[in-house]
Amino acid sequence: MRVAFDHLSREELDWQLSPSKSARDAVGVLQRLETETEELATAPGVRCTLDIAYGTGPRQKLDLYRPHGASDPVGCLVFIHGGFWQRGSKMWSGFPARCLTGSNWALVGVGYTLAPEASLAQIVDETALALSTLARRAGEFGLDRDRIVLAGHSAGAHLTAAILSGMGGEDAAQLPARAVLISGVYDLAPIAASYVNDAVGLVAADVPGLSPLYRRPLKDVPVHLLIGSEESDAFHAQTNALRTAWMEHLSQISLQVVPGCDHFDILDELRAPDSPTGRFILEAGG
């Protein structure tokens, strides 16, 4: 299976892969999420441990938000930000923390080196290293390594799917108990043909090995796909293609299309414990 894009002009492909151009207020949403993350430093009930190094690079760091006073190991949502591997940071990844800590869960935001400083293959490897570091130090952080839910948005969803399909190694693929893929890209052929590739630098030979759509998950874990109804056809095509390709390999794969949401405000679903996405996360290991 492939995601068709040859019927699109370069101009139309670039537009469809530019979610900030069709979203209602992309900048405003991201600024709000960053402010909410900053406010966690003084939030009651949340214990913050920031900039935990998992490598030597300046962006190879984790932010941990844990329920204050929790005595037993808690489940953990590991969130990988988007930005087409060339923008964004973990500085706005803490926005679901209040909801999660209120449910006795932790949140980890993952930072990683951005393109073009790092190749996409290197970014995948960094993501795997972040996960293995978190798993190795789970006891120290008060986390239940059997209840790690991996979630990613946009490019972060690609990285999440890449981990599940073994691009970061078999050990990393075995770690997540379940995964949430939000508005992701899984066939990189359209990406390589678009403006995104100016910074990412994919060549034709990179596409098969770095496209989760062309691979299968190494472990049968529940996977939840999430996308907004107002997102472009290109993003819907990516999500639908992965669901079709992976459903024969997974016992549980679900798709939630949220009415009225675009590529950015769809993230609010992560802080709604009673939504299908919220329930999917909190049921891990239950």
Side-chain angles (χ1 to χ4, degrees), residues 3 12-40 59 63 65 77-100 107-112 114-115 123 127 149-161 179-186 190-191 194-196 199-200 224-240 242-243 255-278 280-281:
V3 172
E12 178 63 16
L13 179 63
D14 284 354
W15 187 90
Q16 289 212 21
L17 292 174
S18 303
S20 61
K21 293 182 179 178
S22 59
R24 285 179 290 274
D25 185 16
V27 173
V29 170
L30 294 179
Q31 287 178 340
R32 170 170 58 84
L33 300 183
E34 185 171 338
T35 297
E36 292 175 5
T37 300
E38 292 173 351
E39 291 173 346
L40 292 171
R59 285 180 172 263
D63 289 344
Y65 307 94
L77 177 69
V78 180
F79 180 77
I80 307 173
H81 71 81
F84 270 136
W85 312 281
Q86 59 195 277
R87 295 182 300 275
S89 80
K90 64 181 177 59
M91 291 177 62
W92 55 265
S93 296
F95 66 94
R98 290 178 190 261
C99 165
L100 289 165
L107 170 74
V108 167
V110 179
Y112 53 88
L114 301 178
I123 295 172
T127 306
V149 178
L150 186 59
H153 172 241
S154 197
H158 165 270
L159 294 172
T160 299
V180 180
L181 308 179
I182 309 167
S183 306
V185 288
Y186 313 107
I191 305 303
S194 76
Y195 78 97
V196 178
V200 179
H224 183 65
L225 299 166
L226 180 64
I227 192 166
S229 66
E230 303 308 303
E231 301 199 44
S232 70
D233 291 344
F235 280 94
H236 279 275
Q238 293 272 347
T239 294
N240 291 332
L242 189 73
R243 179 178 180 271
L255 170 60
Q256 180 187 357
V257 180
V258 183
C261 284
D262 60 41
H263 189 80
F264 297 94
D265 56 21
I266 186 67
L267 287 166
D268 285 329
E269 286 293 301
L270 284 183
R271 56 160 134 240
D274 293 331
S275 73
T277 300
F280 176 86
I281 294 168

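Atoms considered below: every heavy atom in the structure, side chains included; atoms not considered: hydrogens, waters and symmetry mates. These numbers were taken from a predicted model, which means no experiment stands behind them.
Heavy atoms only, all atoms of each residue included: Ala157 and Gly184 are closest at CB-CA, 3.5 Å. The nearest pair of heavy atoms linking Ile266 to Ser183 is CG2-OG, 3.9 Å.
Remark: Leu225 CG to Leu242 CG distance equals 6.0 Å, nearest 0.5 Å. Note that CD1 of Ile80 is 5.5 Å distant from CG of Leu159, once rounded to the nearest 0.5 Å. Note that the CG atom of Leu100 and the CD1 atom of Ile281 stand 6.5 Å from one another [nearest 0.5 Å]. If you take CD1 on Ile182 and OG on Ser154, they are separated by 10.0 Å, rounding to the nearest 0.5 Å. In this structure, CH2 in Trp15 is found 4.5 Å from OG in Ser22, a value given to the nearest 0.5 Å. Taking CG of Leu30 as the reference point, atom CG of Asp265 lies at 10.5 Å (rounded to 0.5 Å).
Contact check on Arg32 versus Asp25 returns no salt bridge, with no Lys/Arg side-chain nitrogen under 4.0 Å from an Asp/Glu carboxylate oxygen.
Residues Val108 and Asp63 have side chains not in contact (no heavy-atom distance under 4.5 Å, counting atoms from C-beta outward). The side-chain heavy atoms of Leu267 and His153, taken from C-beta on, include a pair separated by under 4.5 Å. The shortest distance between side-chain heavy atoms of Leu150 and Phe79 does not fall below 4.5 Å. Arg24 is not listed as a side-chain neighbour of Phe264, based on a closest heavy-atom distance of 4.5 Å or more. You'll find the side chain of Val180 reaches within 4.5 Å of the side chain of Phe280, heavy atoms only.
The backbone N or O of Leu13 sits nowhere less than 3.5 Å from a side-chain atom of Tyr195 that would complete a donor-acceptor pair. A side-chain donor-acceptor contact under 3.5 Å links Ser275 to the backbone of Gly278. In terms of modelled atom types and a separation under 3.5 Å, the side chain of Gln238 and the main chain of Tyr186 share a donor-acceptor contact. For the pair Asn240 (side chain) and Ala237 (backbone), a donor-acceptor distance under 3.5 Å is absent. Proximity of a side-chain donor or acceptor of Ser229 to a complementary backbone N or O of Gly260 within less than 3.5 Å is detected. Remark: side-chain polar atoms of Glu230 are not paired, donor with acceptor, to backbone N or O of Cys261 under 3.5 angstrom. At distances below 3.5 Å, at least one donor-acceptor pair connects side-chain atoms of Ser194 with backbone N or O atoms of Val196.
Taking the six-membered ring for Trp and the full ring otherwise, the centers of Phe235 and His263 sit less than 6.0 Å from each other. Taking the six-membered ring wherever Trp is involved, the centroid distance between the rings of His81 and Tyr112 falls below 6.0 Å.
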- Task: Take Val149 and Val78, measure what side chain to side chain contact (heavy atoms under 4.5 Å, CB included) needs, and give me the verdict at the end.
- Result: CA-CA 6 Å; Val149 178; Val78 180; over 6 Å; no

- Task: With side chain to side chain contact (heavy atoms under 4.5 Å, CB included) as the test, would you mind laying out the steps for His158 and Trp85 before giving the verdict?
- Result: CA-CA 10 Å; His158 165 270; Trp85 312 281; 3.5 Å; yes

- side chain to side chain contact (heavy atoms under 4.5 Å, CB included) between Leu270 and Thr277, intermediate numbers included: CA-CA 7 Å; Leu270 284 183; Thr277 300; 3.9 Å; yes

- Query: Would Arg271 and Glu36 satisfy salt bridge (Lys or Arg N to Asp or Glu O under 4.0 Å), going step by step from the backbone distance to the final call?
  - Reply: CA-CA 12 Å; Arg271 56 160 134 240; Glu36 292 175 5; 2.5 Å; yes

- Task: Check the pair Gln256 / Glu269 against side chain to side chain contact (heavy atoms under 4.5 Å, CB included), numbers first and verdict last.
- Result: CA-CA 10 Å; Gln256 180 187 357; Glu269 286 293 301; 3.0 Å; yes

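Side-chain polar atoms of His236 and Glu231 form no donor-acceptor pair below 3.5 angstrom.
Other residues, nucleotides and ligands contribute at most 12 non-hydrogen atoms within 6.0 Å of the CZ atom of Arg243.
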Identify every side-chain donor-acceptor pair in residues 91-99 under 3.5 Å, counting partners at least two apart or on other chains, and give the distances.
{"residue": "Trp92", "atom": "NE1", "partner": "Ser89", "partner atom": "O", "Å": "3.4"}

